[in-house]
Amino acid sequence: MQLEVDITGKTFRSAAGETHDVLAPVRFSLGAGEVGVLVGPSGCGKSTMLRIILGLDHDFQGEVTRPPNARIGMVFQEPRLLPWRSVEQNVRLVAPEIDDAKLAELFRILELEAHRSHYPGELSLGLARRVALARAFAVEPDLLVLDEPLASLDDALAGRLREEIATLVASRPVMTLLVTHSLDDAVRLGDRLFFLSPRPARILAEVPIAIPRDARGEAEIAAIKAGLERRTQSERAGRDVS
Amino acid sequence: MQLEVDITGKTFRSAAGETHDVLAPVRFSLGAGEVGVLVGPSGCGKSTMLRIILGLDHDFQGEVTRPPNARIGMVFQEPRLLPWRSVEQNVRLVAPEIDDAKLAELFRILELEAHRSHYPGELSLGLARRVALARAFAVEPDLLVLDEPLASLDDALAGRLREEIATLVASRPVMTLLVTHSLDDAVRLGDRLFFLSPRPARILAEVPIAIPRDARGEAEIAAIKAGLERRTQSERAGRDVS
Amino acid sequence: RAADTIRLAVQKTGTFSWELATIRANGLDKEANLSLAVTELASTEAGKIAMRAGNADIMLSDWLWVSRERSLGAKLTFYPYSSALGAVMVPASSPIKTLADLRGRKLAVAGGPIDKSWLLLQARMKQDGIDLKSDATIVYGAPPLLAAKALDGEMDASLNFWNFCAQLEAKGFRRLAGIEDILPKLGAKGPVSAVGYVFDETWAAGHRDAVARFIAMTRKAKQLLVTSDAAWEKVAPLTGTTDAAMLKTYRDRYRDGIPRRSIDDEEADARVLYRVLAEVGGRDLVGPAPELDPGTFYHAVPGD
Amino acid sequence: MLRLLSFALFLAIWWIAALFVGGAKLPSPPAVLQVMIGEAESGALFLHLGATLARVALAFVLAMSLGSAIGYLMGRVKFADRLGDPWLILLLNLPALVVIVLAYIWAGLTEAAAIAAIAINKLPTAVVTLREGTRALDRSLDEMATVFAMPRWRAFRHVVLPQLAPYIAAAARSGLSLVWKIVLVAELLGRPNGVGFEIGVAFQLFDTPRLLAYSLTFAAVVLVIETLLVQPFEARATRWRPRAA
Amino acid sequence: MLRLLSFALFLAIWWIAALFVGGAKLPSPPAVLQVMIGEAESGALFLHLGATLARVALAFVLAMSLGSAIGYLMGRVKFADRLGDPWLILLLNLPALVVIVLAYIWAGLTEAAAIAAIAINKLPTAVVTLREGTRALDRSLDEMATVFAMPRWRAFRHVVLPQLAPYIAAAARSGLSLVWKIVLVAELLGRPNGVGFEIGVAFQLFDTPRLLAYSLTFAAVVLVIETLLVQPFEARATRWRPRAA
Ligand SMILES: Nc1ncnc2c1ncn2[C@@H]1O[C@H](COP(=O)(O)OP(=O)(O)OP(=O)(O)O)[C@@H](O)[C@H]1O
Ligand SMILES: Nc1ncnc2c1ncn2[C@@H]1O[C@H](COP(=O)(O)OP(=O)(O)OP(=O)(O)O)[C@@H](O)[C@H]1O
Ligand SMILES: [Mg+2]
Ligand SMILES: [Mg+2]
């Protein structure tokens, strides 16, 4: 099982008639059990790339090969819940086979027990995002795509959920693609980090993290982060000089 | 000019018929030029409190006194743009008197120049949030309410926008109410931090920051943060024991 | 021998349903060895639809339309049913004394611009140099509505179908002129039956005997309605009124309208009136034929 | 409660108006009620109302289901929209009378012809409304359903249908009223029973109490169905909507 | 292009059908066209079409504006909804014939009576559609407008109206067709000109080519208006909608 991405370009034509190049050539692949992290400035084309990878947008140059019949779990950047279905129904509708114990467990982890019967309009944004996470986990995905899943959550909760994602990824051979603005999340969860340029996005640097996820202590993480920060600073300095 | 909040309670009745207490008694006030920061776990009632303060929800116990005729600038937790109006129109519609130079300046700061004529459906979430920020700034508010304004933005951009908010607050006697999950933002921007309990929200601690905003260097900020973290940890420990 | 079936399309509120009630009540259909399949319909035009759709063998219409259809290719044919025509009615106290007084007045015309009575009235007035269409204010409308409007006093005069005129008469209106009364001036030698049984020529050819029996049967029914007030008792509930005066007017007018002339006389007068109508109504009304189509009248009934 | 009050108000206004303009111009409520009772006792009311209701129900279901399907298709598929649009406009703007007459001529004075003609008259308005609804669908939810590989029918039922619900409600309400207006014409022109037939007869006799008795009986039936069935159902179906604060 | 093709297809099917069933049951396109040309040359076509279009336009504008306003109110204010609902259902389900007859009886056989009757027939369907649209409004955008103290009219125009647009479009399209169906009845019963009057005459003569000529001329007028005016406008107004990928 392997995800092959080879996009050579993507252009949007806006309603006003202008064209915007959103993706420059981007090429990478991801294996089962691997967590790829996309980090890049706001508006550079990350969500667009995810939509292409998931087959939601066919209007691009290049090729994407998804593992056939892979179950996909996705957390969109906005929750995208069905407003007319309760929290529980929203989850069950995409994962009809889920058993009650599993669902209860999910809701417990995400602290959603009190909200099972609420409609999305009755949730805070953070709660809605958690429902979206529950939905993505509930399908037991082969390919998990997370577009800033931990935004709008408080640090404590975000930390616990990060652990959960790590557990999920460790327990089954899931391919994971994570978009985040948090270097901390990236370093704690990722196996390979892709740093993207501003629009049109291309891969500035691909940074593999050699230490296995469960062996990364606070010290290692701090070291990696420091290394990455030094790197981007020198790069930025380099660009400023050139 | 003063904002007086004295909420004694707020209860939601959900469509399923259950009642949820969302706010416990909460009482504080905010003067001109002050930045109050609300920090609390996801789903505790922060957005609900803001809606009550802004007069969008009248169904609560207690009283809120807003300065009369105060111009309000608000960044909702979701962008809430008009999908059928361009970026520029979205801003101009709430601030018809804004002059072109001012608008151009705003768009430059928020890096939106390329997107003036785009419709919201053509923006990334981060771009849409920036438009929402531009809109709130464009009205030259007396009362600025920001519900997680910097989520979904990359660190570099978030840092620059934090500076802009600080500049705005310094340049005019604006009352600012900021909701954030980032302790960093809170410490860099706030004059008084309100730490909220889980639902139903009440004020656990009110922490004034004595050092003026422009005098806070990296060292001071780190010290304040460390102090705050120690405090929450000991509190949590205390709660666990009791 | 099994009875021949004839399918009839009948307007429920029309006089044909009175006749049918009489036929049924007196067993005339069995006597004629006919089985009548009656479709009751709620409007005049519905009969034409039934005919065109092939759901009825006989319905009521006028020779004007039959001739027009013939000239357009549909071989229908006509046998006289009633010579009752509309009349111009005015309120009892109206200053209008003659037709010429209609000039400058508000005249309601039921049935629209191609109504026979209206066209005949126009032709008659033209003879006196009056163009009613421009000299009077004409209000077209649905017959029942115009009858109500006349009662309201919204109209100075109204030209309506005879049954509505009967209603007005019973309410005290004055009969300024019946259209049958002006026919002689237009060249007719006697009362002309504008309305008749209409059926398909080929169908009639195949059911010659049944048609003859049908017509004989209706004649008997008409005769009964003329002679027997008991027969009228049966019809009274169908007229939609319980008012004795109105019932009497209905009866008298109905009896007046029963055709009594020979078919050839009828046809000759129809030919004359057709020319008059063609002149007033133009091509829109009569179609491409300037003369009454020769086959319009059905002649194969014994005793005519 | 308020509904009842409002209804009582309607009766009161009617009654007062009738007293003012006189029974010839506007029959009073008791006069109409008396006719209703008379017709009900003779059984004629139920016969005609039943015949009409059956036609209305059949034509309505036919037109709504077919019209919604076509409207959905035209809203989704640009090609279908382009192709179908001129037909749609034509059908929309063909007078009821013409459609009914043609249907009767072609298919005979039959029940099937009547129902088909009525359905054809209503069809395009359902198409137009559902097409607008489909065009306004939220694409982001579609994407969600696609990504999670929701089976077609489940996605339609849970993702699309609730978004179309207000359009369906609008099409159904105004559609029922249209069907009802047209069934009368169809009955007038070629059916031997039904409310339209009776109204035609009442009109010929200018019997306004009868005219109103039959008209209002149908309205009353719809009112009862609305109050007891549709509105409770609707309230349940739109529970999720945030209420005004 | 596709529209033209589709239109040509319609003509072809019609023609072939006419050849099959014969001119008596369905006149062929040239036969109808000939009548159209004849009527156009005599000027009658323009006279009647003009009269009808004027009535349609007036009644349509009246009913749409009033109906939209009432529908918006009923969608927004629960009290108004409760109060108005029984009236609405009643009005919806009153047959066109009855309304027109009553209007003529009360207000005389006048132009005003005709237009009022037509408007009253269309009004409730506009109310029903706009009410659904208003109920489906996005409250979060309302809150935005309130917070930023947008003046009432500006908020209505920029926040509310675009959300109602698809409902207005649906109400207008199906409403125009309804007005057109009803204007014919009104003209048939008590006007001395107009397409309905001519159709009534043609119907009395059972002159199907004429019947079709007048019906189709109106449909053609609407088709032209749609193609040249409404659809380009609509395309501009919905530019913002994300297109299907
Ligand atoms: N309309 C409503 N009906 C019922 N419950 C509601 C409604 N709106 C909010 N709530 C509940 O109120 C609580 C607080 O919501 P609120 O949006 O204020 O949270 P928050 O503090 O802003 O959270 P977050 O950080 O996730 O945005 C939540 O538990 C939510 O479920
Ligand atoms: N439908 C569209 N039409 C035109 N331009 C579009 C469209 N969708 C996205 N874009 C443009 O493509 C660019 C990339 O958008 P995308 O959503 O992929 O950004 P992103 O990297 O996910 O940003 P963020 O971190 O803010 O979510 C943006 O500049 C946006 O304006
Ligand atoms: Mg994005
Ligand atoms: Mg919130």
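In this text, all values refer to a predicted model and were calculated from it rather than measured experimentally. The chains referred to below are lettered A, B, ... by the order of the sequence lines, with proteins before strands, and numbering in each begins at 1.
Salt bridge annotation for Arg92(B)-Glu88(B): present, with a cationic side-chain nitrogen under 4.0 angstrom from a carboxylate oxygen.
Looking at Ala114(A), the atoms closer than 4.5 Å to chain B (heavy atoms on both sides) sit in the backbone and in the side chain alike. Looking at Ser47(B), neither its backbone nor its side chain comes within 4.5 Å of chain A, counting heavy atoms on both sides. If you measure heavy-atom distances from Ser117(A) to chain B, the contacts under 4.5 Å come from both the backbone and the side chain. Contact annotation for Leu125(A): both backbone and side-chain heavy atoms come within less than 4.5 Å of a heavy atom of chain B. No part of Glu111(A) comes within reach of chain B, as not one of its non-hydrogen atoms sits under 4.5 angstrom from that chain. Looking at Phe12(A), neither its backbone nor its side chain comes within 4.5 Å of chain B, counting heavy atoms on both sides. Contact annotation for Ser42(A): both backbone and side-chain heavy atoms come within less than 4.5 Å of a heavy atom of chain B. Looking at Gln77(A), both its backbone and its side chain come within 4.5 Å of chain B, counting heavy atoms on both sides.
The closest side-chain heavy-atom distance from His181(A) to Val39(A) is not below 4.5 Å.
Interface check for chain A: of the options His115(B), Lys46(B), Arg129(B), Arg130(B), the most heavy-atom pairs under 4.5 Å are formed by Arg130(B). The most heavy-atom pairs under 4.5 Å with chain B, out of Ala151(A), Cys44(A), Gly43(A), Ser182(A), come from Gly43(A). Ranked by heavy-atom pairs under 4.5 Å with chain B, the list Ala16(A), Gly126(A), Pro41(A) is led by Pro41(A).
Annotation: the span from Ser86(A) atom OG to Leu93(A) atom CG amounts to 8.5 Å, rounded to 0.5 Å. Here Glu148(A) contributes atom CD and Glu78(A) contributes atom CD; the two are 10.5 Å apart, rounded to the nearest 0.5 Å.
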Test side-chain contact (heavy atoms from CB on, under 4.5 Å) on Leu144(B) and Leu178(B); report intermediate values, then the result. CA-CA 8 Å; Leu144(B) 181 63; Leu178(B) 170 73; over 6 Å; no
Please lay out, stage by stage, how Lys225(A) and Glu229(A) fare under the test salt bridge (Lys or Arg N to Asp or Glu O under 4.0 Å). CA-CA 6 Å; Lys225(A) 267 167 77 173; Glu229(A) 258 154 28; 6.0 Å; no
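Checking His118(A) against His20(B) by side-chain atom types alone, a donor-acceptor pair falls below 3.5 Å.
Looking only at distances, no side-chain donor or acceptor of Arg116(B) sits under 3.5 Å from a matching main-chain atom of Val87(B).
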